[in-house]
Amino acid sequence: MIKDNDWYQEQERLEQVRNKLQARMDELEPEVDGLGAQASDIRKRFWEEVTINTATDEDFEESFYTIKQQSAVLAERERSHKRLVQQWNNMKRLLASPYFGRIDFHEKGLNLSEQVYIGVTSFLDEDGLNFLIYDWRTPIASLYYDYSPGPASYVTPVGKIEGTMELKRQFQIQNGQIRNMFDATETIGDELLQQVLGKGADSQMKSIVATIQKEQNAIIRDDHHRMLIVQGSAGSGKTSAALQRVAYLLYKHRQTIRADQIVLFSPNPLFNSYISTVLPELGEENMQQTTFQEYLDYWLGSALSLEDVFDQIEYVLTARGSAGYEARIQGIEYKASEVFMQSLQNYGLWLGQEGMQFNSIRFRDRELITAEQMKTTFYGYDRSLSVVNRIALLQEWLLKELASLERAEREAPWVEEELSYLDNDQYAEAFRSLHKEKELLDLTEHYAVVREKITKQRRGDEGDFDYAVKEEQLLRRKVVKEHFAPLRRSVMKFKFVDVKRIYAQLFADESVYRERTNGAVTPPLWLEMCKQTKEKLANNELFHEDATPYLYVKEMIEGVRTNTDIRHVFVDEGQDYSPLQYEYLKKLFSRARMTVLGDFGQAIFLQATSLDADDSPLLRLFGENETRLIRLVRSYRSTREIVEFTRLMLTGGEGILPFQRGGHKPILVQTEGEDQRYSQIWADIEGLMAEGFDSIAVITKSASESREAYASLRVHGGGKLRLITKDTLGFHKGVVVIPVYLAKGVEFDAVLIHDASPETYAQENERKLLYTACTRAMHRLHLFTTGEWSPFVQALPANLYELRSY
């Protein structure tokens with residue numbers, strides 16, 4: 001129990017800190033405005049202060065340095081302005097709620113204990129020496145998350161500091177007033193978490209650094225491993241910890257890492273909108289955010305039409321029983337496997353000996369360099385050289401051949417014909433070029449001849465210099481060069497390599513495939529799978545499961561496109577990536593550390609990778625010493641009743657621990673028909689809205705089911721309903737209809753499962769779909785059916801839910 005005197009002292013200190021914050025803001029404001037005005041004025045008057053004179057080399061040089069000096073002044077003002085604005089914004093952020101925690105730490109060997117108040121950013125007293133507030137990312141602030149009162153220690157750049165934590169206090173401060181205050185014995189007291197988690201879902205994820213748990217703090221502050229794997233149950237705070245890890249890295253390494261050197265691969269564009277406010281709330285710029293699909297689309301370009309991952313899963317979920325379905329499923333699984341990745345590597349070795357395919361270089365309906373010439377030249381190089389090195393040599397040879405062919409082409413009849421169509425401006429340009437002595441002498445091919453003619457002319461040994469002849473030669477050279485330019489560009493872009501045919505020839509009959517891949521094992525429906533793959537390629541299309549293997553083969557031949565500027569890669573929903581995709585990301589970002597977040601319980605894609613199994617490929621990607629695995633087993637998102645209901649859907653789900661926040665049991669609603677189902681769904685939605693819930697989702701298995709549910713609910717009164725599709729970019733509050741695979745990572749106040757019947761969720765690979773859908777709910781969960789219940793629901797103990805029939 002906190003004494004009244006403690007409340008008074010804490011409120012008095014709070015007011016003193018706020019007064020100092022306000023005074024410092026008032027002091028900074030004129031500086032901010034002044035520097036902003038100076039920068040604006042310099043930008044407006046930039047060219048007035050600079051005189052451009054290029055009459056002589058000296059004038060040109062003076063103009064150059066004047067511009068450079070003026071640019072430096074402007075850049076310095078803008079940097080200073082940006083720095084002051086950031087300071088002012090940080091203090092404004094602190095003003096309403098300066099801090100959320102306090103620890104009293106008595107360092108070993110010192111006589112006094114230090115009172116450490118912790119907030120979202122640091123604030124120093126006027127002397128610039130004493131911290132009134134410590135940033136939550138400072139080393140000493142880690143004590144708040146990692147220890148209860150008693151022996152404690154933290155690590156600094158100069159070593160480990162040991163001592164005793166004498167007090168740990170938590171605050172809830174709103175508008176400068178302490179609303180709640182309690183002394184904690186656990187990492188973060190249940191009281192604070194209860195109040196924070198009891199709130200409704202926001203349209204964007206919020207950064208609540210006051211509620212970071214000890215295991216989450218380990219994720220945030222790990223700065224030693226190249227690979228950090230976080231396997232966490234639904235609602236365990238994986239993504240929140242990852243984003244706060246980004247903020248920590250930007251704070252600790254602010255001299256060496258920028259926000260644009262960190263990239264997050266998120267599950268879909270909607271999720272990017274959902275998390276977009278977290279880092280700005282902490283005073284940091286947002287990192288780069290993308291999806292793996294966007295990356296694939298970028299590198300494959302327009303040459304092949306790529307199926308996206310959501311169309312793939314829509315096929316998997318809705319096409320069961322159609323022709324070729326089983327072969328396609330086997331293809332998706334096989335092409336995501338480590339077996340196939342090893343096959344591709346062995347195929348690369350085989351290509352070093354035979355089997356390379358090339359595109360001939362054609363010009364004006366004739367072959368300049370044939371594919372066979374390239375093949376002969378390629379395999380004529382030393383075979384101990386890698387394929388990549390031999391392709392580089394072949395590229396160099398092709399460019400030389402093109403240069404030679406270009407020179408010969410200048411005398412071709414078509415060139416003379418094209419000259420007749422040139423306009424007067426083009427002739428005039430050529431004539432002017434001939435009259436410039438420097439350019440005349442730069443015609444290297446005719447240099448000796450021209451020099452001799454000029455000498456003879458000056459001696460009087462030869463008549464007038466024939467400008468007409470030289471003009472025609474220059475124009476011929478120009479015309480042919482322009483026509484050959486696309487050929488040179490295509491060679492530089494490796495268009496002479498027929499990657500599509502090289503990839504397609506991998507899918508031959510079993511004996512040939514094994515020969516080319518050193519005996520790789522094939523799935524039972526291999527031939528049908530091969531037929532499907534080659535038919536797609538013949539139409540210049542690519543299954544989603546082929547995209548990464550295709551690029552993998554392409555880069556085995558052309559070389560890896562590495563991005564050495566990126567320092568940290570974050571992968572959310574990491575269980576949905578294949579081993580080959582991880583191998584590809586590692587090669588692409590060769591200097592980066594990687595943080596992978598996921599939950600194998602939510603592995604709804606066929607290419608899923610286990611994150612923490614003993615044989616997980618992720619544990620081998622960077623080696624045992626460079627890898628750390630952290631497991632999060634406590635779920636904070638949902639009420640205890642929802643967690644107890646959902647965890648038993650999973651095999652081994654008993655290990656998921658609910659946070660002790662009570663609520664309503666999930667409700668199972670059974671109706672007689674479709675019309676009554678939609679009437680009852682909408683009645684439940686209206687009831688939930690009346691209770692104050694304003695983030696409600698009707699979750700379906702597929703996009704086609706979403707469209708059906710949306711149309712039917714609109715008929716039953718759902719005027720404010722929104723349909724979420726794969727193209728939806730913004731996340732907002734309200735009532736939405738959404739397929740489960742787009743709802744991953746997002747939370748709602750209430751979730752209504754549109755159809756929990758055996759027709760929708762009965763196959764084993766649909767178990768995790770239903771689990772994922774149900775775990776989106778924070779406070780309320782309703783499931784609907786017009787008949788029997790899914791076997792995954794029927795298997796649950798009856799005391800975990802409330803049953804209603806209509």
Side-chain angles (χ1 to χ4, degrees), residues 197-198 200-201 233-236 599 601-602 634-674 676-691 693 695-701 705 709 738 740 743 747-764 766-806:
L197 298 173
S233 60
S236 58
D599 174 18
Q602 299 178 68
R634 188 174 296 277
S635 179
Y636 298 98
R637 172 188 298 140
S638 307
T639 61
R640 179 182 65 252
E641 289 79 4
I642 292 175
V643 174
E644 288 175 344
F645 177 86
T646 55
R647 66 177 179 166
L648 294 185
M649 289 183 184
L650 294 179
T651 304
E654 300 85 356
I656 299 171
L657 304 176
F659 181 70
Q660 296 305 310
R661 177 170 64 88
H664 292 72
K665 289 182 179 180
I667 296 173
L668 274 57
V669 182
Q670 207 165 22
T671 64
E672 288 188 357
E674 293 291 321
Q676 191 173 29
R677 178 195 1 216
Y678 290 115
S679 295
Q680 193 56 49
I681 288 176
W682 189 248
D684 283 10
I685 288 172
E686 289 184 320
L688 290 164
M689 288 192 293
E691 288 186 60
F693 297 122
S695 174
I696 301 170
V698 177
I699 299 185
T700 64
K701 175 182 170 182
E705 186 186 336
I738 184 171
V740 58
E747 59 190 24
F748 303 91
D749 290 331
V751 165
L752 299 91
I753 304 300
H754 171 254
D755 183 5
S757 69
E759 289 74 28
T760 304
Y761 299 104
Q763 303 296 320
E764 188 56 34
E766 294 165 341
R767 177 191 295 273
K768 291 178 179 179
L769 275 168
L770 183 57
Y771 168 78
T772 302
C774 292
T775 54
R776 302 307 92 203
M778 290 179 64
H779 306 290
R780 299 292 177 82
L781 174 62
H782 296 193
L783 293 85
F784 292 81
T785 186
T786 57
E788 296 297 318
W789 290 103
S790 159
F792 311 129
V793 175
Q794 290 185 39
L796 299 174
N799 66 324
L800 295 182
Y801 54 83
E802 179 185 334
L803 186 62
R804 295 180 186 172
S805 298
Y806 295 94

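Each residue takes its place number in the sequence, starting with 1. Fair warning: this is a prediction, and the values are worked out from it, not measured in the lab.
Arg634 places a side-chain N or O within donor-acceptor distance of the main-chain N or O of Pro658, the cut-off being under 3.5 Å. Checked by atom type and distance alone, the side chain of Gln680 never pairs as donor or acceptor with a backbone atom of Gln676 at under 3.5 Å. One N or O on the side chain of Ser635 and one on the backbone of Ala234 form a donor-acceptor pair closer than 3.5 Å. Not one N or O on the side chain of Arg647 forms a donor-acceptor pair closer than 3.5 Å with the backbone of Leu657.
Here the side chains of Tyr678 and Val698 are not in contact, with every heavy-atom distance at 4.5 Å or above. Residues Glu766 and Thr760 fail the side-chain proximity criterion, which asks for heavy atoms closer than 4.5 Å. A 4.5 Å side-chain heavy-atom check between Leu781 and Thr639 finds every atom pair outside the cut-off. For the pair Arg780/Asp749, no side-chain contact is recorded, criterion being any heavy-atom separation below 4.5 Å from C-beta on. For the pair Leu752 and Leu688, the minimum side-chain heavy-atom distance is below 4.5 Å. Looking at Glu747 and His779, their side chains never come closer than 4.5 Å, going by heavy atoms from C-beta outward. Between Leu770 and Ser790 the shortest side-chain heavy-atom distance falls below 4.5 Å. Under the 4.5 Å side-chain criterion, counting only non-hydrogen atoms from C-beta, His754 is not in contact with Lys701.
Atom OG1 of residue Thr651 and atom CD of residue Glu764 lie 6.0 Å apart, to the nearest 0.5 angstrom. Atom CG in Asp755 sits 11.0 Å away from atom CZ in Phe784 (nearest 0.5 Å). Ser236 OG to Phe659 CZ: the interatomic distance, rounded to the nearest 0.5 Å, is 14.0 Å. Going from atom CZ of Arg637 over to atom CE of Met778 covers 8.5 Å, rounded to the nearest 0.5 Å. How far CG of Leu769 is from CZ of Arg767: 12.0 Å, rounded to the nearest 0.5 Å. Distance check: Asp599 CG to Thr775 OG1 gives 8.0 Å after rounding to the nearest 0.5 Å.
Between Glu641 and Lys665 the shortest heavy-atom distance is CB-CA, 4.0 Å. Minimum interatomic distance between Ala697 and Ile738 (heavy atoms only, all atoms of both residues): CB-CG2, 4.3 Å. When all heavy atoms are compared, the tightest approach of Cys774 to Leu783 is SG-CD2, 4.1 Å. Of all the heavy atoms in Thr772 and Gly601, the pair that sits closest is OG1-O, 4.4 Å. Among all heavy-atom pairs drawn from Ile696 and Ile685, the shortest one is CD1-O, 4.0 Å. For the pair Ala709 and Thr700, the tightest heavy-atom approach, listed with the atom from each and the gap, is CB-CG2, 4.2 Å.
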Exercise answer: donor-acceptor pairs, residues 791-805 side-chain atoms, under 3.5 Å, sequence neighbours excluded:
from   : atom 1 : to     : atom 2 : distance (Å)
Gln794 : NE2    : Trp789 : O      : 2.5
Glu802 : OE2    : Arg804 : NE     : 3.1
Glu802 : OE2    : Arg804 : NH2    : 3.3

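Within a 6.0 Å sphere centred on CD of Glu686, other residues, nucleotides and ligands contribute more than 12 heavy atoms.
Exactly one residue among Arg677, Gln670, Glu759 makes a side-chain contact (heavy atoms from CB on, under 4.5 Å) with Thr785. That residue is Gln670.
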